[in-house]
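The chains referred to below are lettered A, B, ... by the order of the sequence lines, with proteins before strands, and numbering in each begins at 1.
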Amino acid sequence: MSEQETHPAEAATYDVAAVQDKWLPVWDELQPFRADDDSPREKRYALTMFPYPSGDLHMGHAEVTALHDVIARYWWQRGFEVLNPMGWDSFGLPAENAAIRNNEHPATYTYANIETQYESFRRYGISFDWTRRLHTSDPAYYRWTQWLFLKFRERGLAYRKNSPVNWCPNDQTVLANEQVVDGRCERCGHEVTKRELTQWYFKITEYAQELLDCLDDLEPTWPARVVSAQRNWIGRSEGAHVDFAVEGRAEPITVYTTRPDTIFGTTFLVVAVDSPLAEELVTDEQRAAFEAYREEIRKETEIERLSTDRAKTGVDLGVTATNPVTGTQIPVWATDYVLADYGTGAVMGVPGGDQRDWEFATTMGLEIVRTTQTPEGFDGEAFHGEGPAINSPAPGVDAPLDINGLSVDEAKRATIDFLEQQRAGEGTVNFRLRDWLLSRQRYWGVPIPIIHCEKDGEVAVPYDQLPLELPELRGADLKPKGVSPLAAAEEWVNVACPTCGGPAKRDSDTMDTFVDSSWYFLRFCSPDYTDGPFDVAKANAWMPVDIYVGGVEHAVLHLLYARFFTKVLRDMGMLEVGEPFSAQLNQGFVINRGKKMSKSLGNGVSLGDQLAEFGVDAVRLTLVFAGPPEDDIDWADMSPAGSLRFLQRAWRLSGDVTSPAGTSPEGGDVALRRVTARTVHDAAELIEAYRFNVMVARVMELVNATRKAIDSGCGPADPAVREAAEAVAILLSLVAPYTAEEMWSRLGHEPTVARAGWPVVDPALLVEDSVVAVVQIQGKVKARLDVAPDIGDADLERLAMAHPDVVRAIDGREVRKVVVRAPKLVNVVV
RNA sequence: GCCCCGAUAGCCCAACGGCAGAGGCGAUGGUCUCAAACACCAUUCAGUGUGGGUUCGAAUCCCACUCGGGGCACCA
């Protein structure tokens, strides 16, 4: 009964709430996860995507941080100095909309939610270094966002241009291409329209090639779907610019094509109807028809325009152009199936090689010439596959270039060579990626630090006047009116020009919030630094982020922008690395009953309720154990009650150990010691492969083995039992910190188990003294042998062939082959 | 249409090309209880989406297909 005397107050059931209340203040005191910049230990940077402060934390936050924390805590246990910071992406529309609704300032909503989320994170026990907390809406932070904007502008990487842009009529602001999904606003789902506006852009296209090339290096450590999404988004294509001369016009029409080899089949040119080129080319006779057509197209929404099965439409512009290879005159049309802002906004119409051109030619009654030999039995329309060139030129036609019979690749090269020789074109590379539109016509964001002066034009706000703070606006002042609320803040917007002192106006737009999150991981390295956005030495010491955990919804947006910022900062000499995130892990979604949680489906699961019912550890364990991190978790299939049951079983071990703390495991039960050693060893490998669910399963096994040893094996006093229980506590500290701490304490140790260090295993215990070899006949198992792990092939074969069950199975048949894989297997082929 | 990922027991998931089962959930039986819940103990169930191929041997490698998830898409 000595156990009961030792722990008189402890009943047989584990009191989750009491354990949580007991350890949280202790950890607050100890601050075990404060990252020391000057630590001699090897550094690791673990980052999880910082949240937007909308309400309290939900299941998604719980999942991503639980997964992330396994890695961060593992690194601490392995002896690294770990930077694991957290902050808030706290500018953005929801706060602004809430402020309009409640007639208050967006900061009220924002900072109230941040406090709520902070408190929840704290209780949730994630190993964040709270001393580095930051908010992108703090002037101390956005001062440097503005500083970076000005530096980018100095390098020609931030500029203003007038261009048709995506406009969300609901949010009353422009959107970046990345924020338009299937013609709808990514945020609110409203149909997006086009508007002609002068807006600020970041010149991300200047880095398109490098952003693409570096993906090769990231491929092994980044999720495949993110790499592929970025490749698709950047959309590199190789082709040629080809010039088509137009009579009476100095400049030719330059088209972009990926199939210069089909030039002999070019029977017309098509120009984007909404391009300045179309406007300029149209003849007076055709102008009325052209303008009517253009008006019709303008009324259409993006959704209608993007529909792929719509009929081809267009208007003849009335001009002809000269095919630079054949010299033939071909008509020039305007259409909406050519995009104004891709390539040159003009395309050579090759109906024989392109299905869209085929449809257009058929509709408009234009000529069709095939220039690639179609395969036997081909009954399609346009053909864009492999085949020898034909009609290039057509039989009997004399042309300065002849590519007949060449393969597509050869023909492309020959055509480009010819065009370059004739100065009528050149080989070129094109990208789908466009410059990043960063202006937003809303209030709750970083003010663009530019002053517009009639005399001096765009003038930067002087660096010593940063931060340029937002004026105090609230409630109805923030109502979207199509221009930024800042434009109406007279006292704020009217200002003296820094150059001439005359009357001028501030730029009244704010920055896309993705600008804020494009460099926050750098700020975390020195969050209180006041001489620049970050301390260069510290950033270089911590960067790159060793693991970045977050949602795959940011595959192209945030991750592409952050990569761009990192490359620019490297080129500015402020960073050594060119890629911010060396490895990445995307968690799946937490769903319920097969569907995404939503109010309308009524299938939401409240994180708060789950925590109240099962406790922090059981919820975290459930999320980590559910399956591979990147898979979706259907909460309906999960059993937090089962997780809690397991935690109790683990906890009970710590009360059963009777040997004193500090007992050497030497001489303890070898069988149990082997299980412990194997579990600790495998757990490390599993964590490094992000296979946390399997790691948890292995800890469960260890708990089961220890239980058996106590109840019906070596007994509670055996040193191996203590060794096993301590290993369980340390391994569990990555997933269930409260339970682990309580176990550690009951095992006679001081807090905190989180910094106890990874259990040391004796390598000798990892080597089994005997293994089971399987003997197969025709691949079917017929016998098992206990053999030494270092047995040779010859010895194993001899043992196997002598086994009575094997002799019986062979049954006197001729042995044709014996495959031996010592020490595991013998396969006899008869 | 193009590209990427996946499919193993009633369910969630394991399995260096070598015994299909580590772990959990559920179910069933038992112990405990006046009874139940909890807890504990035990038992149960698939031949790996389909069809081929490679191999002594395939859940695993290759090909085709089906289904599911995701990305890109009138990008010339």
ask   = If you look at every strand shown and take non-hydrogen atoms under 4.0 Å, does A:S237 touch a base, only sugar-phosphate, or nothing?
value = sugar-phosphate
A:Y342 side chain near B:A76 phosphate (N/O to OP1/OP2, under 4.0 Å) = yes
message = Could you tell me how far B:G17 sits from B:C62 if I compare only their P atoms? Round to whole Å.
response = 12 Å
Nearest listed nucleotide, side chain of A:F625, among B:G24, B:A76, B:G71 = B:G24
task = May I ask which nucleotide in the shown strands pairs with B:G18, Watson-Crick or G-U wobble, both distances under 3.5 Å?
result = B:C56
remark   = Here the distance between atom P of B:G69 and atom CD of A:E553, to the nearest Å, is 18 Å
message = With a 4.0 Å limit, can you tell me whether A:R645 has a side-chain N or O closer than that to the phosphate oxygens OP1/OP2 of B:G26?
response = yes
query = Now, which nucleotide makes the Watson-Crick or G-U wobble pair with B:A73, with each of the two distances under 3.5 Å?
reply = none
5′-ward residue of the pair A:T258/A:N693 relative to RNA chain B = A:N693
task = Kindly say whether A:A555 contributes a backbone atom to a donor-acceptor pair with the side chain of A:Q230 at under 3.5 angstrom?
result = yes
request  = Report yes or no: is there a donor-acceptor pair, N or O only, under 3.5 Å between the side chain of A:D637 and the base of B:C12?
outcome  = no
query = Are any of the side-chain nitrogens in A:D656 or A:R652 under 4.0 Å away from the carboxylate oxygens of its partner?
reply = no
task = May I ask you to say what A:P223 touches in the nucleic acid, namely base, sugar-phosphate or nothing, with a heavy-atom cut-off under 4.0 Å?
result = nothing
Spacing of A:L215 atom CG relative to B:C3 atom P, expressed in whole Å = 19 Å
Integer angstrom distance from the P of B:U8 to that of B:A46 = 16 Å
ask   = What nucleic acid atoms does A:N430 come within less than 4.0 Å of, heavy atoms only: base, sugar-phosphate, or nothing?
value = nothing
task = Please round to the nearest 0.5 Å and tell me the distance separating atom CG of A:L734 and atom CG of A:L621.
result = 11.5 Å
inquiry  = Taking the side chain as everything from C-beta on, heavy atoms only, tell me whether A:R698 gets closer than 4.5 Å to A:L731.
reply    = no
request  = Would you kindly give the CZ-to-P distance between A:R691 and B:G23, to the nearest whole Å?
outcome  = 15 Å
Nearest-nucleotide pick for A:T257, side chain only, options being B:G23, B:C25, B:A76 = B:A76
message = Need one value for A:R816: base, sugar-phosphate or nothing, where a base atom within 4.0 Å counts as base even if backbone is also close, heavy atoms only.
response = nothing
key: Whole-Å distance separating the CG atom of A:N704 from the C1' atom of B:G24   = 10 Å
inquiry  = Pick the closest RNA chain B nucleotide for A:R432 and for A:F646 by heavy atoms, then say which residue is nearer the 5' end.
reply    = A:F646
ask   = Once you round it to whole Å, what is the distance between P of B:G70 and CG of A:N586?
value = 14 Å
task = Would you mind classifying the nucleic acid contact of A:M638 as base, sugar-phosphate or nothing, using non-hydrogen atoms under 4.0 angstrom?
result = sugar-phosphate
query = Which base, if any, makes a Watson-Crick or G-U wobble pair with B:C25, both distances under 3.5 Å?
reply = B:G10
task = Can you tell me the distance, in whole Å, between the OH atom of A:Y690 and the C1' atom of B:A14?
result = 21 Å
From B:C4, B:G23, B:C74, nucleotide with atom closest to A:Y337 side chain = B:C74
ask   = Within the pair A:K817 and B:C56, is there a side-chain N or O less than 4.0 Å away from OP1 or OP2?
value = yes
request  = For residues A:F360 and A:F268, establish whether the separation of their ring centroids is below 6.0 Å.
outcome  = yes
ask   = Within less than 4.0 Å of OP1 or OP2 of B:G23, is there a side-chain N or O belonging to A:R698?
value = no
remark   = From NZ of A:K708 across to P of B:A22 the rounded distance in Å is 12 Å
key: Distance between P atoms of B:A39 and B:U44 (Å, rounded)   = 22 Å
ask   = Now, which nucleotide makes the Watson-Crick or G-U wobble pair with B:U48, with each of the two distances under 3.5 Å?
value = none
remark   = With the side chain defined as heavy atoms from C-beta on, A:D354 is closest, among B:C74, B:A76, B:C40, to B:A76
query = A:Q584 side chain to A:W222 main-chain N or O, any donor-acceptor pair under 3.5 Å?
reply = no
key: Nearest-nucleotide pick for A:L825, side chain only, options being B:G18, B:A14, B:A39   = B:G18
query = Between the base of B:G57 and the side chain of A:Q776, is there a donor-acceptor distance below 3.5 Å?
reply = no
ask   = Do the ring planes of A:W651 and A:Y14 sit parallel (below 30°), tilted (30 to 60°) or perpendicular (above 60°)?
value = tilted
key: Paired nucleotide for B:U31 [Watson-Crick or G-U wobble; both distances under 3.5 Å]   = B:A39
inquiry  = Would you measure the distance from the P atom in B:C16 across to the matching atom in B:A7 and give it in whole Å?
reply    = 14 Å
query = Between A:L686 (CG) and B:A15 (C1'), how many Å, whole number?
reply = 12 Å
query = Looking at A:D617 and A:R620, does any basic side-chain N land under 4.0 Å from a carboxylate oxygen?
reply = no
task = Please work out if A:R649 contacts a base, only the sugar-phosphate, or nothing of the nucleic acid, heavy-atom cut-off 4.0 Å.
result = sugar-phosphate
Under-4.0 Å salt bridge between A:R816 and A:E814 = no
ask   = If the P atom of B:U28 is compared with that of B:C38, how far apart are they to the nearest Å?
value = 12 Å
Anti or syn - B:G47, cut at 90° from 0 = syn
query = When the C1' atoms of B:C56 and B:U66 are considered, how many whole Å apart are they?
reply = 32 Å
message = Taking only the P atom of each, what is the distance from B:C3 to B:U60 in whole angstrom?
response = 23 Å
key: Rounded distance in Å between the P positions of B:C4 and B:C63   = 11 Å
query = Nearest to the side chain of A:N232, which nucleotide is it out of B:C72, B:G18, B:A22?
reply = B:C72
